[in-house]
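Every number for a ligand or one of its atoms is a count from 1 in the order of the listing. Quick caveat: nothing in here was measured; it's all calculated off a predicted structure. FYI, side chains are in, hydrogens and waters are out, and symmetry mates aren't considered; it's all heavy atoms of this structure.
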Amino acid sequence: MTDNNNNNSAISSSHPKTVLTYGTFDLFHIGHLKMLQRLKAMGDKLIVAVSTDEFNALKGKRSVYSYEERAAIIAALSCVDLVIPEQSWEQKAQDIQQYQVDIFGIGSDWKGKFDELADLCQVVYLDRTPSISTTEVKRALSNLDSDKIKQIKDGLDSVLSIVKAIE
Ligand code: CTP
């Protein structure tokens, strides 16, 4: 768990308006950054629950970066005040109570999925940044790999045909 201790709660009365979000945040990209900045702008303190590798495995996901690496990247952001591990689907209600959360916020890809938390705090679904996702980045990288492989193969084929022509 990492605490940046940089919240601007001094401007609010006793209790900083606290925003909580969850996610894997693998291969950190601009969509992640914009989401976290918008969430922070909604309150004084932003808590990010980063999915652990074990929880990702449960969700059928495998990240490129480990939990420790992903959590370190998120904790280093100036808009993030605290990083906690996300280890289960069920922990949200307890986290909201423990950290006195005012707003639970997450991308619109989860729209309607966490409405039951509205009994505990405000629930908001924010529009995603278009045309970027970790899945897309992974796909682009794997396409790049197969392009490279094809280039090498084409090169080898032409060498082979030259050798055959000489024989
Ligand atoms: N997010 C966003 N805009 C994007 C991508 C993600 O606002 N273009 C938000 C998600 O809605 C979520 C948070 O960032 O609230 C973390 O999302 P995560 O699932 O870790 O990122 P994705 O890029 O969506 O990853 P994947 O493709 O693996 O689902």
Item to complete: Specify whether H29 and H32 have parallel, tilted or perpendicular ring planes, treating 30° as the upper limit for parallel and 60° as the lower limit for perpendicular.
Response: parallel
Might you confirm whether atom NZ of K138 has over 12 heavy atoms from other residues, nucleotides or ligands at distances under 6.0 Å? yes
Please lay out, stage by stage, how D157 and K150 fare under the test salt bridge (charged side-chain N to carboxylate O under 4.0 Å, His left out).
CA-CA 10 Å; D157 283 349; K150 191 176 177 311; over 6 Å; no
Atom 21 (O) of ligand 1 has as its nearest protein heavy atom H32 NE2, 2.8 Å
K138 near ligand 1, heavy-atom distance under 4.0 Å? no
re atom 20 (O) of ligand 1, the protein heavy-atom contact at minimum distance is F25 N, 2.8 Å
If we number the atoms of ligand 1 from 1 as shown, the ones under 4.0 Å from a heavy atom of S133 are 23 (O), 27 (O)
- Backbone N or O of S133 within a donor-acceptor pair of the E136 side chain at under 3.5 Å? no
K61 heavy atoms within 4.0 Å reach ligand 1 at atoms 19 (O), 26 (P), 28 (O), 29 (O)
| task | Would you please test V64 and L141 for side chain to side chain contact (heavy atoms under 4.5 Å, CB included) and show each step? | result | CA-CA 12 Å; V64 175; L141 288 174; over 6 Å; no
If you scan protein heavy atoms around atom 15 (O) of ligand 1, the nearest is G107 N, 3.0 Å
Point to revise | Axial cation check for F104 ring with K92, 6.0 Å and 45° limits | key: no
Between D81 and K40, does any side-chain N to carboxylate O distance fall below 4.0 Å?
yes
Side-chain contact test, heavy atoms from C-beta onward, threshold under 4.5 Å: evaluate it for L20 versus Y99 and give yes or no. no
Numbered in order shown, the ligand 1 atoms found under 4.0 Å of a heavy atom of T24 are 20 (O)
Of V48, I132, L39, the residue with the heavy atom nearest atom 8 (N) of ligand 1 is I132
**Q.** Polar proximity ligand 1 side, T134 side, N/O cut 3.5 Å exclusive
**A.** yes
of all protein heavy atoms, closest to atom 5 (C) of ligand 1 is R128 NH2, 3.3 Å
When distances are taken from atom 11 (O) of ligand 1, the protein heavy atom at minimum range is D109 OD1, 2.8 Å
The atoms of ligand 1 lying under 4.0 Å from a heavy atom of T135, numbered in the order shown, are 26 (P), 27 (O), 28 (O)
SB check D102 K45 (cutoff 4.0 Å): no
the protein heavy atom lying closest to atom 3 (N) of ligand 1 turns out to be T129 N, 3.1 Å
| field | Whether D53 side chain and Y67 backbone form a donor-acceptor pair below 3.5 Å | value | yes
Ranked by distance from atom 7 (O) of ligand 1, the top protein heavy atom is M35 CE, 3.1 Å
Check: Would one find an N or O of I106, backbone or side chain, under 3.5 Å from an N or O of ligand 1?
Finding: no
*asked:* For K34, state whether at least one heavy atom is located under 4.0 Å from any atom of ligand 1.
replied: no
